[in-house]
Amino acid sequence: MRNKEVAQKFYELAGLSELAEENPFKARAYLKVAQQIENLPVPVEDLAREGKLTSIKGVGKASANKILQYLNTGHIDKLEELKKKIPESLLELEKVPELGVRRAKILFDTLGIQSVESLKKAAMQGKIRNLPGFGEKIEKGILKGLEDMKNRQSERISIGIALPLAESIVDELKKYSPVEKIKICGSIRRMKGTIGDIDILVVSNNPVSVMDKFVSLGMVKNVIVKGEKKSSILSTENIQVDLRVVQRELFGAAIQYFTGSKEHNIRIRELANKRNLKINEYGVFDLNTNKCIASETEESIYESIGLPWIPPEIREDSGEIELAIEGKLPKLIELTDIRGDIHLHSLYSDGMNSIEEMAQQALQLGYNYIAITDHARALGVANGLSIERYKDEKKEIEQLNRKFAPFKIFFGTELNILSDGRIDFSDEELNLFDICLAGIHSGMNQEKGKITNRIINAMSYNSVRAITHPLGGIIGRRNNYDVDLDSVFKEAQKRDVLVEINASSQRLDLNDINARRAKEIYNLKFEIGTDAHSIDGMKDMRYGIGVARRAWLTKSDVINAFSLEEFEEFIGKR
DNA sequence: GCCGTTTTCGGCCCGACTGTTTTCAGTCG
């Protein structure tokens, strides 16, 4: 799949087109193409082959030809032409805080600055402050920005870090009486797997005091901007936090605006324009009378342009608006739909809690069942179990089942897909278990064909019902292994094997885009498992649900949203 | 460059904050 690569080329086209001062709407058009292709659930090559490129929203004839040229020849004439006019390195310059297209262009035109290095030199020599539109503060800001860029979280951070941090800020601010209402918005509310910054919205009739409080919180490292309505700080963990304060009557409009995504909001505002309305963070306004016709609730904002409320997780302009117009939005799965967690580790292998403790936690979470799936023998580092030790575990589970009935603990295993594609035990030995999951835990650097075949071969075992963490990445620490997901999905479809949405905030694997593809193209079913190694880890289910909702999954797509009876029937099916 | 049940040409989302300005441009989200 070459979507990322093609998208990247259109990002370059957009940036260079802007720098070359072409029609600014052209750059926006390129940007839109880039974003659409990046989020496309199918390989762009497939659409190209079928001549369906212009069916992508925002892709017209000219862009389609550019995509075709790139896929066939590896270059785009238009892009080469722009690069002759504008040095590519200016795209890097634009990323420096304080700099955008205009200022980058001025720096290049007047001082010939093309690179981050020459920028730093010129700023240190005080050459920048005298340029038109620049000044001493901007020059200093650039130097500081260059410094910050080194320290800043270069990658987006996992939602598993961002959400708890956001929640702790909310808890702090809640204690402060001028704060009437408070809500986390932005990409966290949309449950994106990785987060750029934290957005928080507050209702208060004393915004100044709330801002003072906010910038003096213990986790504030420095203040980026501070105003009456909006402030931004950098946390001690180098994560940017934006706070916005509005009046009570404007809460709905502000939540809608502040939740995004940007692309979704642009579409919403375009729709409003067609109805002679204007939407901003203060409400929906009739352009004739300038009167506000909605602002208090999010529902009213959507209603004013003839749409039902759209769940935040799918506000990405990836088809939700079209379906909303038709009134055909699916009812997405919810955390409360989950009836059990079927990927769990206990003290028997490398977990931190006993099976009984895991069961108690599951009852706390309102589940009807769990499956304990300790590692199998080949995973020595994780204290993987032999058949004999599994038999002991089974006995303990049977005892606990008598104690906890009607709650049920299923006896499972997470098998290892070995480097040659075999798994730890034979199908005959695997009859011991209620449910077998299998995943790759070693040989992750093998080449694509080999890894893909290993997973496909693992699915040939009749007992294997699900593939755990299909891509194997750990956010911020380990890349995905190189696997041809489409081949895996195809085989999973053929053999009726589940794919996992690993809900651990460290993994989120499959991610939203891949899970959506698995459902829409291959009709696969899923299990959402926390892969918890402690009772605390079981709380990560909410992240898995976030992925599932972003993938447009409904309750019926997820096996552990099945009732106990339905789940038993499912695992007994073969 | 894209797009259209009010448009095949003339539009293209919207506002806060900052710094450099004397009324606004640039950046950012």
Side-chain angles (χ1 to χ4, degrees), chain A residues 10 13-14 17-18 20 22-36 53-67 76 78 82 93-107 128-142 144-145 185-187 195-201 207 211 223-232 240-246 250 253-254 256-285 287 301 305-306 317 321 325:
Chain A
F10 277 85
L13 275 170
S17 166
E18 223 180 347
E22 294 188 320
N23 176 355
F25 295 106
K26 208 189 256 196
R28 245 191 64 185
Y30 288 140
L31 194 65
K32 172 136 197 181
V33 174
Q35 287 161 344
Q36 287 291 321
L53 284 172
T54 50
S55 71
I56 305 168
K57 248 193 146 29
V59 176
K61 219 171 170 184
S63 292
N65 283 334
K66 289 183 178 66
I67 296 170
I76 300 172
K78 172 80 186 178
L82 283 168
L93 222 54
E94 259 184 69
K95 291 182 192 152
V96 178
E98 308 281 342
L99 297 187
V101 185
R102 300 304 316 159
R103 288 181 187 153
K105 191 78 195 322
I106 291 171
L107 288 168
I128 288 176
R129 60 182 67 181
N130 299 322
L131 296 176
F134 287 78
E136 210 179 324
K137 286 215 170 167
I138 290 181
E139 188 178 77
K140 278 188 184 154
I142 289 171
K144 186 169 179 312
C185 296
S187 51
I195 304 297
D197 61 12
I198 294 173
D199 299 308
I200 299 174
L201 184 69
M211 289 307 183
V223 179
I224 300 168
V225 293
K226 182 176 172 228
E228 219 175 281
K229 299 180 169 171
K230 181 182 154 184
S231 296
S232 299
Q240 183 171 329
V241 186
D242 297 340
L243 186 80
R244 190 118 178 184
V245 183
V246 297
L250 307 178
Q256 199 287 322
Y257 157 76
F258 216 20
T259 296
S261 68
K262 193 173 159 187
E263 292 73 25
H264 173 89
N265 282 356
I266 288 175
R267 285 293 307 283
I268 293 295
R269 289 168 186 192
E270 282 170 0
L271 281 183
N273 280 350
K274 284 181 190 150
R275 296 180 168 234
N276 218 18
L277 300 170
K278 179 178 80 169
I279 298 183
N280 58 29
E281 56 260 59
Y282 302 111
V284 184
F285 296 86
L287 280 175
I301 305 294
I305 52 170
D317 189 22
I321 292 169
I325 291 171

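Each chain gets a letter, A, B and so on, in the order the sequences are listed, and its residues count up from 1.
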Item to check | Per A/Lys57 side chain, nearest of listed nucleotides B/dG1, B/dC13, B/dG4 | outcome: B/dG4
Checklist entry - For atom P, what is the distance between B/dG10 and B/dT21, given to the nearest Å? => result 38 Å
Item to check | Separation of the P atoms in B/dT8 and B/dG15, to the nearest angstrom | outcome: 28 Å
Checklist entry - Sub-3.5 Å donor-acceptor pair from the side chain of A/Asn273 to the main-chain atoms of A/Asn276, do we have one? => result no
Next on the checklist: Just to be sure I understand the rule, does A/Asn23 reach a base, reach only the sugar-phosphate, or reach nothing, if contact means heavy atoms closer than 4.0 Å?
Outcome noted: base
Item to check | Nearest-angstrom distance, C1' atom, B/dG11 to B/dT6 | outcome: 14 Å
Checklist entry - Quick one: is A/Ser63 getting a side-chain N or O under 4.0 Å of the B/dC2 phosphate, OP1 or OP2? => result yes
Checklist entry - What integer number of Å spans the C1' atoms of B/dT7 and B/dG26? => result 33 Å
Item to check | Short side-chain N/O contact from A/Asn273 to OP1 or OP2 of B/dC14, under 4.0 Å | outcome: yes
Item to check | Sugar-phosphate only, base, or nothing, as touched by A/Glu22 at under 4.0 Å among non-hydrogen atoms | outcome: nothing
Atom pairs and distances, donor-acceptor, side-chain atoms in residues 131-140 of chain A, under 3.5 Å, two or more places apart:
residue: A/Glu139; atom: OE1; partner: A/Arg129; partner atom: NE; Å: 2.8
residue: A/Glu139; atom: OE1; partner: A/Arg129; partner atom: NH2; Å: 2.9
residue: A/Glu139; atom: OE2; partner: A/Ile128; partner atom: N; Å: 3.0
residue: A/Glu139; atom: OE2; partner: A/Arg129; partner atom: N; Å: 2.9

Checklist entry - Touch check for A/Lys274, heavy atoms < 4.0 angstrom, all strands: base, sugar-phosphate only, or nothing? => result base
Next on the checklist: Taking only side-chain N and O atoms of A/Tyr282, does any of them lie within less than 4.0 angstrom of OP1 or OP2 on B/dA16?
Outcome noted: yes
Checklist entry - P atom, B/dC9 versus B/dA16: distance in rounded Å? => result 37 Å
Next on the checklist: What's the gap between B/dC12 and B/dT23 when it is taken at their P atoms, as a whole Å value?
Outcome noted: 27 Å
Item to check | Glycosidic class, syn or anti, of B/dT7 using a 90° window around 0 | outcome: syn
Next on the checklist: Need the pair for B/dT8. Rule: Watson-Crick or G-U wobble, both distances under 3.5 Å, any strand; none if unpaired.
Outcome noted: none
Next on the checklist: For a quick check of understanding: with a heavy-atom distance under 4.0 Å over all strands, which category does A/Arg267 fall into, base, sugar-phosphate or nothing?
Outcome noted: nothing
Item to check | Sugar-phosphate only, base, or nothing, as touched by A/Val59 at under 4.0 Å among non-hydrogen atoms | outcome: sugar-phosphate
Checklist entry - Around A/Glu228, counting heavy atoms of other residues, nucleotides and ligands shown, do more than 12 lie under 6.0 Å from its CD? => result no
Checklist outcome for this item: A/Lys78 NZ to B/dC2 P, in whole Å, measures 11 Å
Checklist entry - Among A/Leu201, A/Ile200, A/Asp242, whose side chain to side chain contact (heavy atoms under 4.5 Å, CB included) with A/Cys185 holds? => result A/Leu201
Checklist entry - DNA chain B: A/Phe134 or A/Asn276, which has the more 5' nearest nucleotide? => result A/Asn276
Item to check | Nucleotide of B/dG1, B/dG15, B/dA16 approaching A/Lys26 most closely (side-chain heavy atoms) | outcome: B/dG1
Next on the checklist: Going by side-chain hydrogen bond (donor to acceptor under 3.5 Å, both in side chains), name the pairs with one or both residues in residues 53-63 of chain A, residues two or more places apart or in two chains.
Outcome noted: none
Checklist outcome for this item: Residue pair A/Gly60/A/Ile279 against DNA chain B: nearer the 5' end by closest nucleotide is A/Gly60
Checklist outcome for this item: For A/Ser187 and A/Asp199, the nearest pair of non-hydrogen atoms, with its separation, is N-OD2, 4.3 Å
Checklist entry - Taking the P atom of each, how far is B/dT22 from B/dC17, in whole Å? => result 23 Å
Checklist outcome for this item: Going 5' to 3' through nucleotides 22-29 of chain B and flagging B where a protein heavy-atom sits under 4.0 Å of the base, S where only the sugar-phosphate is that close, and - otherwise, we get ----SSSB
Checklist entry - Hey, is the side chain of A/Lys66 poking within less than 4.0 Å of OP1 or OP2 on B/dG1, counting only N and O atoms? => result yes
Item to check | Rounded C1' spacing from B/dC3 to B/dC13 in Å | outcome: 16 Å
Checklist entry - Counting just side-chain N and O atoms, does A/Asn280 come under 4.0 Å of either OP1 or OP2 of B/dG15? => result yes
